[in-house]
Undergrad: 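Sharing a structure with you now.
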Number of protein chains: 2
Amino acid sequence: MPVRSYRQHCPLAHALDLLGERWTLLVLRELLHGPRRYSELLEGLPSIGTNLLAARLRLLVSESLIERVELTPGIDAYSLTANGRALEDALVALARFGARRMGTRRGGSSIQLSSILLALKAARAPDASQDLDEEYQFEIDGAPLHARIRGGVLHVDSGAAAFPVLVLRTDKETFVSLMSGELSPSAAAASPAVDLAGAPATLERCARVLGWSSGAS
Amino acid sequence: MPVRSYRQHCPLAHALDLLGERWTLLVLRELLHGPRRYSELLEGLPSIGTNLLAARLRLLVSESLIERVELTPGIDAYSLTANGRALEDALVALARFGARRMGTRRGGSSIQLSSILLALKAARAPDASQDLDEEYQFEIDGAPLHARIRGGVLHVDSGAAAFPVLVLRTDKETFVSLMSGELSPSAAAASPAVDLAGAPATLERCARVLGWSSGAS
DNA sequence: CAGTATCCTTCCAGATACTG
DNA sequence: CAGTATCTGGAAGGATACTG
């Protein structure tokens, strides 16, 4: 237990005793979509400071929310345990709250791929998408991810889709401005920074399903 | 924006910029179940220190997650705004995580009524309760609260139930040991610290529905 | 690459005194 | 009652130099 505990018999206080320190939840965000090496974590968490990252990893390992794994012989990394994966709902719920008040991008802020994935997971499909069953694939700075809508439920993960109705290749900055509504789907389809396979109308539908602000409520 | 920001364009980082400081989420927990006066908040957050509570309240008001309201003429209090209420899902998700690793009560830890309410909201009804439709009422140190199960969905709130199949009066400590499984429903029914209206079998069912550990998985 | 070690700054806990 | 103001020790955080 951390030295600084709330000392309340409360599930929330207990969770915060564990996770409430600075950076902890962002480290878990980085690991939410697969194992990461120490140096990759440093990249994804600009300005964390090596001592803090090491301290957080030590804590999370000791609480068995994460574990060291051998990625390939000689290369090891950190990976979520089943206990750690149980936090996904909480991270998504917090992200959903944060997304509502985030607005368009602020100058000087960096963009992580893990943030984009989390933002996609935090989206809620509108009621109107109840009867859709299709997949969208994105490639952001070369990294593939996909979203599937089926029965009104959205499922997002990294990796390629099996039968996407749309493939959109672009960079992080452009994708973020698309999500925020700053860049409309039609403008994106025409943009030289975007490589789109699929009809522009499909991209419009995708934007509505994922709640990209230009179309939705 | 706080001085210490993560400066990432990420919905989670954004939420934590706002809520990540110590005490902030616990203040919101206290307000989740109704308006509270400054002195009531101090009671519910032992050891917070008047300056920190004032600082957190100032921040939350300025971000319009809470607002001052006049409870009765001359008496004012703090209350969640609609924006603040949007955090309930996140608090419940974190509490659900915390509950899994909380175990039985630690010596020296205090118990707040708001924590009990949150813990009840974090419960998930088992599949077996799909066909139940009933209400349970609790009175903990005199404060009424209730849980309703219907269609497999659990709804918990403060206040009295309309047609409870069970009324259980006790103190916070006993109720907590009941929730943790330390005290079995049958032992509780016989305990002098508990005043139960309703069949012991009903209390057993209630304990299963609310996931009190002795019966459930 | 994967961390420790170090130094310095900022924040927090706890106490207490004061104001309208 | 509902705060604000001030103080002090200690813990956490930030930056960077260093090591196996």
Side-chain angles (χ1 to χ4, degrees), chain A residues 1-8 13 16-28 30-31 35-63 66-79 108-110, chain B residues 1-8 13 16-28 30-31 34-62 66-79 108-110:
Chain A
M1 171 142 66
V3 186
R4 202 179 262 182
S5 159
Y6 289 110
R7 285 164 207 286
Q8 294 192 10
L16 293 174
D17 278 342
L18 216 63
L19 308 170
E21 285 174 305
R22 207 167 151 74
W23 293 110
T24 308
L25 289 176
L26 292 187
V27 171
L28 291 167
E30 288 298 305
L31 295 176
R36 292 287 180 274
R37 309 184 57 182
Y38 186 87
S39 52
E40 296 174 312
L41 292 173
L42 272 183
E43 265 182 79
L45 303 167
S47 84
I48 190 183
T50 58
N51 54 347
L52 280 191
L53 177 55
R56 294 298 178 267
L57 290 172
R58 208 165 22 234
L59 172 75
L60 291 172
V61 167
S62 81
E63 296 288 346
I66 67 175
E67 61 188 349
R68 293 195 69 128
V69 297
E70 202 165 42
L71 221 50
T72 65
I75 305 286
D76 41 5
Y78 295 90
S79 176
S109 65
S110 66
Chain B
M1 172 142 64
V3 188
R4 204 179 260 181
S5 160
Y6 290 110
R7 284 165 207 289
Q8 294 192 10
L16 293 175
D17 277 344
L18 217 61
L19 309 169
E21 285 175 305
R22 205 166 155 74
W23 294 111
T24 308
L25 289 176
L26 292 188
V27 170
L28 291 167
E30 288 298 305
L31 295 176
R36 292 288 181 275
R37 308 183 59 182
Y38 185 86
S39 52
E40 295 174 313
L41 292 173
L42 273 183
E43 264 183 78
L45 303 167
S47 85
I48 191 184
T50 59
N51 53 350
L52 279 193
L53 177 56
R56 295 297 178 267
L57 290 173
R58 208 166 22 234
L59 172 76
L60 291 172
V61 167
S62 82
I66 68 175
E67 61 188 349
R68 293 195 69 128
V69 296
E70 202 167 40
L71 220 50
T72 65
I75 304 285
D76 42 4
Y78 295 90
S79 176
S109 64
S110 65

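By convention in this document, chain letters (A, B, ...) are assigned in the order of the sequence lines, proteins followed by strands, and residues within each chain are numbered from 1. Just so it is clear, the model here is predicted, and its values are computed rather than measured.
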Undergrad: Any side-chain donor-acceptor pair under 3.5 Å between Arg36(B) and Tyr78(B)?
TA: no
Undergrad: Please check the phosphate of dA12(D) (OP1 and OP2 only) for any side-chain N or O of Arg4(B) closer than 4.0 Å.
TA: no
Undergrad: Does Arg68(A) make a side-chain N or O approach to OP1 or OP2 of dG3(C) shorter than 4.0 Å?
TA: yes
Undergrad: Roughly, in whole Å, what's the span from CD in Glu70(B) to P in dC1(D)?
TA: 18 Å
Undergrad: Phosphate oxygens OP1/OP2 of dG13(D): is one of them under 4.0 Å from a side-chain N or O of Arg56(A)?
TA: yes
Undergrad: On DNA chain C, does the nearest nucleotide to Thr50(B) precede the nearest nucleotide to Tyr38(A) from the 5' side, or the other way round? Give the residue.
TA: Tyr38(A)
Undergrad: Identify the residue among Arg56(A), Glu40(A), Glu30(A) that makes a side chain to side chain contact (heavy atoms under 4.5 Å, CB included) with Leu45(A).
TA: Glu30(A)
Undergrad: In whole Å, I'd like the distance from the CZ atom of Arg7(B) to the C1' atom of dG14(D).
TA: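 It works out to 13 Å between those atoms.
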Undergrad: Output the rounded distance in Å from CG (Leu57(A)) to C1' (dA2(C)).
TA: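 Those two atoms, CG and C1', are 10 Å apart.
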Undergrad: If you measure from CD1 on Ile66(B) to CG on Leu28(B), what distance do you get to the nearest 0.5 Å?
TA: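 Output value for this atom pair is 7.0 Å.
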Undergrad: Atom CH2 of Trp23(B) and atom C1' of dA12(D): how far apart are they, to the nearest Å?
TA: 16 Å
Undergrad: So, the side chain of Tyr6(B) versus the backbone of Arg22(A): is there a donor-acceptor pair under 3.5 Å, distance only?
TA: no
Undergrad: Between dT16(C) atom C1' and Ile48(B) atom CD1, what is the distance in whole Å?
TA: 17 Å
Undergrad: Please work out if Ser39(B) contacts a base, only the sugar-phosphate, or nothing of the nucleic acid, heavy-atom cut-off 4.0 Å.
TA: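 Sugar-phosphate, backbone atoms only, no base.
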Undergrad: Is Tyr38(A) reaching over with its side chain to a backbone N or O of Asp76(A), donor-acceptor style, under 3.5 angstrom?
TA: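 Absent.
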Undergrad: Rounding to an integer number of Å, can you tell me how far Arg58(B) CZ sits from dA2(D) P?
TA: 17 Å
Undergrad: Using atom CG of Leu52(B) as one end and atom C1' of dA2(D) as the other, report the distance to the nearest whole Å.
TA: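 After rounding, the gap between these two atoms is 16 Å.
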Undergrad: Does a side-chain N or O from Tyr78(B) land closer than 4.0 Å to OP1 or OP2 of dG3(D), or not?
TA: yes
Undergrad: Under a 3.5 Å limit for both distances, which nucleotide forms a Watson-Crick or G-U wobble pair with dT19(D), could you say?
TA: dA2(C)
Undergrad: Which residue, Asn51(B) or Arg37(B), contacts DNA chain D at a nucleotide closer to its 5' end, judged by nearest heavy atom?
TA: Arg37(B)
Undergrad: Rounded to the nearest Å, what distance is computed from the CG atom of residue Leu42(A) to the P atom of nucleotide dC1(C)?
TA: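 Computing the Leu42(A):CG to dC1(C):P distance gives 10 Å.
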Undergrad: Quick one: label Ser47(B) by what it contacts on the DNA or RNA (base, sugar-phosphate, nothing), any heavy atom closer than 4.0 Å.
TA: sugar-phosphate
